[in-house]
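Before any comments, here is the structure.
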Amino acid sequence: MREAFRNYINGRWTEPKSGNWLDRENPADYADAVCSFPDSSRQDVANAVGAAAEAFESWCFVPAPRRAEVLFRAAEIMAGRKEELARDVTIEMGKVLKEARGDVQEGIDMTYYVAGEGRCMWGQTTPSELPDKFNMSVRQPHGVVAAITPWNFPIAVPCWKLMPALVTGNTVVFKPSPFSPISAYSLVRILEEAGLPPGVMNLAFGGDKAGAALVEDPRVGMVSFTGSLEVGREIGAYCGRNNKRVHLEMGGKNAILVLDDADLDLAVEGAVWSAFGTSGQRCTAASRIIVQSGIAPGFTDQLLSRAQALRLGDGLAATTDVGPVVNMPALEKIGRYMEIGRDEGAAIACGGARALGDGLDKGYFFQPTVFTDVRPAMRIAQEEIFGPVTDIIRCSDLEQAVAINNGVQFGLSSAIYTRDISKAFKAMERMTTGIVYINAGTIGAEVHLPFGGTRGTGNGHREAGQAALDSYSEWKTVYIDYSGRLQKAQMDRPEGDQG
Ligand code: NAD
């Protein structure tokens, strides 16, 4: 039977005051309605923010190691429920079960990692320029954090946000994507079971209107958003005008560079995984493959035969390589890019259409697609398509490959395959993305390192690693003068010492 989830406000599972509900269907079979959940109104969101603002007054004074203990317990519960959580990920957004397990594992890893930070959160202590004086810097929370998330990593991305926000002493209102409500519900339920006090974590379901209401609530001190460039820009502009802290993680147009001296089989393996894993719906998906001319024919042949052999289907089936895309608008958008690519003069070497037949008719399936004859300035080589589609772009040398790699509005992830250590290091220095892989594809982040992108992918913040703490806290500098007299920085120097 279809489950109806409710909002979680001030420790209570609450029906929406709006009385409005949304449904989510299984993208592998859209006749299968998997759950319904509130379409929160401005009032529902305001209630969640109010609860978070009140809870902040006490949560921020709970010692960080105690806050972290709650997260540690949450990680333990998640680990115990990994399989159940993973199946729900597949059912609600379509990625194959193996990848869904990876999504959940990333959430577990992040939660354990951040729990450890509860006993660290290093600041600085420094000598003072004056006698009998002590200086240090400590972190302080922002207050209420709004966490607005996409559907493509429905456990991992929320964990990247919620856990560091909580350990640094913020309270949270979580507005998940309307395309991944089950994972959001399960995660909040787990935090409740782990012992978070009422009001510290609040969940307001809904779509863009609920998200906008949350961003605009003056009691929200910081917005952490992951999603599309268009929405991120809007949120960034609003927060800029209102002097609100904001962390944005947006799209990608990631590339793999394959040089003539590369291990061809390894490069093809990495390209298949990076381009078609999660049906190309990863922010780090390789949607461009920049191949040096000497190796291009062999690489293209191998990639095409591998792409054509991928088996589409329900992500729960063990035989499936590539699941559906998330919804009908996504399917239509990918279809439009087929036309755009053709009109620009690119060739569709394989795929190029919605996949039908063989039990796929009731799902949002798109054939794994490879464009050839692609020039770097084409829209298909510049814009995020977010589907199982990749471009092959030829290049003459490393210098040109790097220029093509860097010549897009996004800057998330890039990769190079080469056996030449000098070229690998040159590429590492010159590729201007936030993440660089050498002899590996563009995907596969680890939680203890910073994650994020340059240019249009972000606004300079990073998820994960210690860098995440910088997003969810501000520095407070503390000077302690125990001299018992007025000392003036920069002015009190020994007589006659002009420096
Ligand atoms: P989206 O921008 O449509 O939605 C993201 C979230 O914002 C959802 O919760 C949505 O309801 C909410 N939202 C929509 N309009 C809003 C508004 N006006 N105000 C406030 N909130 C609003 O993105 P999506 O389709 O859910 O996710 C796919 C995108 O996310 C892709 O572009 C992908 O590259 C990006 N992504 C980036 C990263 C990263 O770390 N850089 C990670 C995962 C996904």
Side-chain angles (χ1 to χ4, degrees), residues 1-18 20-27 32-41 44-45 47-48 51-52 70-71 73-95 100-101 103-104 106-108 110-111 145-163 165-166 171-207 210-211 214 226 326-327:
M1 204 182 69
R2 191 171 71 184
E3 225 173 318
F5 300 123
R6 286 169 290 167
N7 286 335
Y8 185 65
I9 298 176
N10 209 15
R12 288 217 172 84
W13 294 95
T14 312
E15 304 238 334
K17 294 264 180 288
S18 69
N20 296 331
W21 295 79
L22 297 167
D23 294 325
R24 176 60 181 150
E25 73 277 14
N26 180 343
D32 177 17
V34 293
C35 68
S36 57
F37 54 92
D39 185 8
S40 301
S41 64
D44 293 315
V45 171
N47 292 346
V70 180
L71 302 191
R73 283 196 293 275
E76 297 277 89
I77 301 171
M78 283 166 75
R81 289 189 200 154
K82 180 173 169 182
E83 194 59 23
E84 187 190 322
L85 292 167
R87 291 183 77 81
D88 286 343
V89 166
T90 298
I91 289 167
E92 69 180 354
M93 60 67 68
K95 70 173 70 168
R101 290 189 189 113
D103 189 333
V104 176
E106 195 166 343
I108 295 168
M110 186 68 194
T111 308
V145 166
I148 302 179
T149 57
W151 46 266
N152 67 334
F153 277 87
I155 295 285
V157 169
C159 286
W160 285 358
K161 297 188 186 302
L162 307 185
M163 306 314 172
L166 291 171
T171 54
V172 178
V173 179
F174 173 27
K175 208 300 286 172
S177 166
F179 303 107
S180 55
I182 313 179
S183 298
Y185 163 79
S186 303
L187 204 49
V188 173
R189 182 101 218 186
I190 285 169
L191 284 164
E192 179 190 37
E193 283 177 46
L196 265 192
V200 172
M201 168 60 55
N202 303 274
L203 171 64
F205 285 108
L214 184 54
T226 298
V326 68
N327 54 27

Answer whether the closest heavy-atom distance between the side chains of L166 and V145 falls below 4.5 Å. no
Of all the heavy-atom pairs spanning A74 and T111, show the shortest one and how long it is. CB-CG2, 4.4 Å
Heavy-atom nearest pair, M93 first then N152, reads CE-O, 3.6 Å
Output the distance between atom CD1 (I148) and atom CG (L214), rounded to the nearest 0.5 Å. 5.0 Å
Could you tell me whether the side chain of S177 and the main chain of P150 form a donor-acceptor pair under 3.5 Å? no
Minimum heavy-atom separation for C159 and M110, please, with both atom names. O-CG, 3.7 Å
Minimal non-hydrogen separation, V172 against A52, with atom names: O-CB, 4.3 Å
So does T149 get a backbone contact from the side chain of K175, meaning a donor-acceptor N/O pair under 3.5 Å? no
Distance-minimising heavy-atom pair for P158 and F153: CD-O, 3.3 Å
Atom CG in D23, atom CD in E25: separation rounded to 0.5 Å? 8.5 Å
Could you walk me through whether F174 and M201 pass the side-chain contact (heavy atoms from CB on, under 4.5 Å) check? CA-CA 7 Å; F174 173 27; M201 168 60 55; 4.2 Å; yes
Got L203 and R6 here, is their nearest side-chain heavy-atom distance under 4.5 Å? no
Does any N or O in the side chain of R24 come within less than 3.5 Å of the main-chain N or O of E92, such that one atom is a donor and the other an acceptor? yes
How long is the straight-line distance from CD1 of I108 back to CD1 of I155, given to the nearest 0.5 Å? 9.0 Å
Between D39 and S18, is any side-chain donor less than 3.5 angstrom from a side-chain acceptor? no
T90 side chain to K95 backbone, donor-acceptor under 3.5 Å: yes
Begin from the C-alpha positions of F179 and N327 and carry the test side-chain contact (heavy atoms from CB on, under 4.5 Å) through to its verdict. CA-CA 8 Å; F179 303 107; N327 54 27; 3.2 Å; yes
Donor-acceptor pair, distance only, cut-off 3.5 Å: does the side chain of S180 make one with the backbone of P154? no
Distance (rounded to the nearest 0.5 Å) between C35 SG and F5 CZ: 5.0 Å
What do the steps show when you test D88 against S186 for side-chain contact (heavy atoms from CB on, under 4.5 Å), and what is the final call? CA-CA 9 Å; D88 286 343; S186 303; 4.3 Å; yes
Please confirm whether the backbone N or O of K17 pairs with a side-chain atom of D44, one donor and one acceptor, at under 3.5 Å? yes
S40 backbone acceptor or donor facing N7 side chain under 3.5 Å: no
Donor-acceptor contact present, side-chain N10 to main-chain A51, <3.5 Å: no
Does anything in residues 189-204 form a side-chain hydrogen bond (donor to acceptor under 3.5 Å, both in side chains)? List the pairs, not counting sequence neighbours. Y8-E192, W13-E192, R81-E193, Y185-R189
Side chain proximity check, I182 to E3, heavy atoms < 4.5 angstrom: no
How long is the gap from CG on L71 to CE on M78, to the nearest 0.5 Å? 10.5 Å
Roughly how far, to the nearest 0.5 Å, is CD1 of I9 from OG1 of T14? 5.0 Å
Does P176 reach the side chain of F205, with side-chain heavy atoms less than 4.5 Å apart? yes
Closest non-hydrogen atoms of K82 and R101, given as atom of the first, atom of the second and distance, are CE-O, 3.6 Å
Pairing residues for R73 by the side chain to side chain donor-acceptor pair (under 3.5 Å) criterion, not counting sequence neighbours: none
